[in-house]
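Report on one structure; see the data block that follows.
Labels below follow one simple rule: chain letters A, B, ... track the order of the sequence lines, proteins then strands, and each chain is numbered from 1.
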There are 2 protein chains.
Amino acid sequence: MSIQHLGATTSSDSLRNRKRAATRLSIRRAAIELGLEHGYEHVTVDMICSASKISPRTFFNYFGSKEGVYASPNRAMPSEQRRRTFVESNNSGVFDDLFTLIADSLVEVDSNLELFQARRQLIHETPELLHKEKSRISELEETYVGYVLERYRFQGRNNAKTPDLADEAHLVVALVSGAMRFAMQKWVADNFSTTPEELVRNTSALVHRIASNEHWP
Amino acid sequence: MSIQHLGATTSSDSLRNRKRAATRLSIRRAAIELGLEHGYEHVTVDMICSASKISPRTFFNYFGSKEGVYASPNRAMPSEQRRRTFVESNNSGVFDDLFTLIADSLVEVDSNLELFQARRQLIHETPELLHKEKSRISELEETYVGYVLERYRFQGRNNAKTPDLADEAHLVVALVSGAMRFAMQKWVADNFSTTPEELVRNTSALVHRIASNEHWP
DNA sequence: AGCATAAGTGCAGTTCCTGCAAATATGCAG
DNA sequence: CTGCATATTTGCAGGAACTGCACTTATGCT
């Protein structure tokens, strides 16, 4: 087995990989189209399969479950670059910085904008899928807790001075997640008309207003 | 059909109703016991049925789904009394008041404490059930948004002065939900050792600390 | 062209869940 | 106590999601 060989089979645009990607896309396209037409619960995987001309077994090889075909195809993880910026930033509060970080990583839009929006709409009108999407996001929460802790440590805070530092980090992430859910919901409700930047700005402003109405120190 | 008759059949402790409640309880007991023993995904409804000596069809008559048997049996809606107090209160900020309101309504413990804790533990160690529980809670969010808006109006705020008042209410609820998820997670992690009051106090204190570290007005 | 590997398929079987109709239990009237 | 209306439980047939396994087909080298 030569180096050539290795290079060829692992290259991301071999015939095989391109074909795989194309099949994957056509299945998702069919699934979303059928979903918007008949509603999620009235679409069977057999329908998706005949529409995209594959066997049910292949469908499950690709997506693992019926819901899987409607899941976000993004990794949604911030780049190392962004992570460092967040950890070492001191410009603004954790809340705003983390909110922006997550927003940026969510907004790396699908290659296909049309499909992306169709998918969003379907998810929006299907509570079951909406819940799944939410839990997918919250699975990353532990990662973000780690980032926040790194940032705290970078600022010189530690467990000796603040015994419940981990709790504080968890709560920050939980609060930001709440704000994020609000923002995303508003985004789909507005039919994606606002830019992510505006959205972030508006939400931040609202948070500030709420905070200033509390009797907090 | 006499009034006597009507009174008897609708009374909540007729033989029928008591029997129903007993069956319901015994099914749940069996399901949770099996869940803790084998893990949620390795429990089939047939197993639950033979353990509680009913037919599968009856199981679905009672709970509608396998997950249903593990769902919280509480309504988790605040009483009218509490609602009014929240709407008309002016002591503290919305955030703290809403957080307390929701916490109180969640904590009306099950009649059977042992079963309640067993259920909590099982949910805690079963991501799928945990997510379901979360979405069940978030279905009440619209109700809470209504409460917050009522409170705003009671304080003399309205859409004329604040066009995005509804957005503000939604965001408040989203933020409180985040804090609530944190608190509940901590509660199960601590094995229910802290009292709900402590939990609320600790979480509030953390929120205040976080807020004071932000550069908010 | 031949061959190793990857991708796709067929099929049998499990589990969750539903509709429908039949069997059974309950509680009241007479 | 007996019968009757109503509530509860059950059996059965079947649909849909999903998995494991063995088998065929396609791909990309040499």
Compare the minimum distances between each of D/dA17, D/dA26, C/dG8 and the side chain of A/Phe60, then state the nucleotide with the smallest one.
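Shortest atom-to-atom distance from the side chain points to D/dA17.
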
The nucleotide from C/dC16, C/dG10, D/dT8 with an atom nearest the side chain of B/Thr44 is C/dC16

If you compare every side-chain N and O of B/Tyr62 against the phosphate oxygens of D/dT9 (OP1, OP2), does one of them come in below 4.0 Å?
yes

Please determine whether a side-chain nitrogen or oxygen atom of A/Arg16 lies at a distance below 4.0 Å from atom OP1 or OP2 of C/dT5.
no

Within 45° cone of A/Tyr70 ring axis and under 6.0 Å: A/Arg119 NZ or CZ:
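Not satisfied by the 6.0 Å and 45° rule.
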
Starting at atom [atom1] of [X], determine the distance to atom [atom2] of [N], rounded to an integer number of angstrom.
X	N	atom1	atom2	value
A/Asp46	D/dC18	CG	P	12 Å
A/Lys53	D/dT25	NZ	C1'	19 Å
B/Asn17	C/dT26	CG	P	13 Å
A/Lys66	D/dC18	NZ	C1'	13 Å
B/His42	D/dT19	NE2	C1'	13 Å
B/Asn61	C/dT18	CG	P	10 Å
B/Met47	C/dT15	CE	C1'	13 Å
B/Arg18	D/dA7	CZ	P	18 Å

Check: A/Thr194 side chain, A/Asp190 main-chain N or O, donor-acceptor pair, under 3.5 Å:
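No, because the side chain of A/Thr194 does not come within donor-acceptor range (under 3.5 Å) of the backbone of A/Asp190.
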
Any donor-acceptor N/O pair, B/His124 side chain to B/Arg120 backbone, under 3.5 Å:
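Between the backbone of B/Arg120 and the side chain of B/His124 there is no qualifying donor-acceptor contact (under 3.5 Å).
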
Within the 4.0 Å heavy-atom criterion, would you say A/Thr58 contacts the bases, only the backbone, or no part of the nucleic acid?
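Answer is base: heavy atoms of A/Thr58 come under 4.0 Å of a base.
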
Test salt bridge (charged side-chain N to carboxylate O under 4.0 Å, His left out) on B/Asp164 and A/Arg209; report intermediate values, then the result.
CA-CA 11 Å; B/Asp164 56 353; A/Arg209 190 202 295 169; 3.1 Å; yes

Using heavy atoms to find the nearest nucleotide of DNA chain C for B/Arg57 and B/Val45 separately, return the residue whose nucleotide is more 5′.
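With B/Arg57 and B/Val45 compared, the 5'-side residue is B/Val45.
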
Quick test of your reading of the model: are B/Arg151 and B/Glu88 salt-bridged, counting only N-O distances below 4.0 Å?
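Judged by the 4.0 Å cut-off on N to carboxylate O distance, B/Arg151 and B/Glu88 do not form a salt bridge.
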
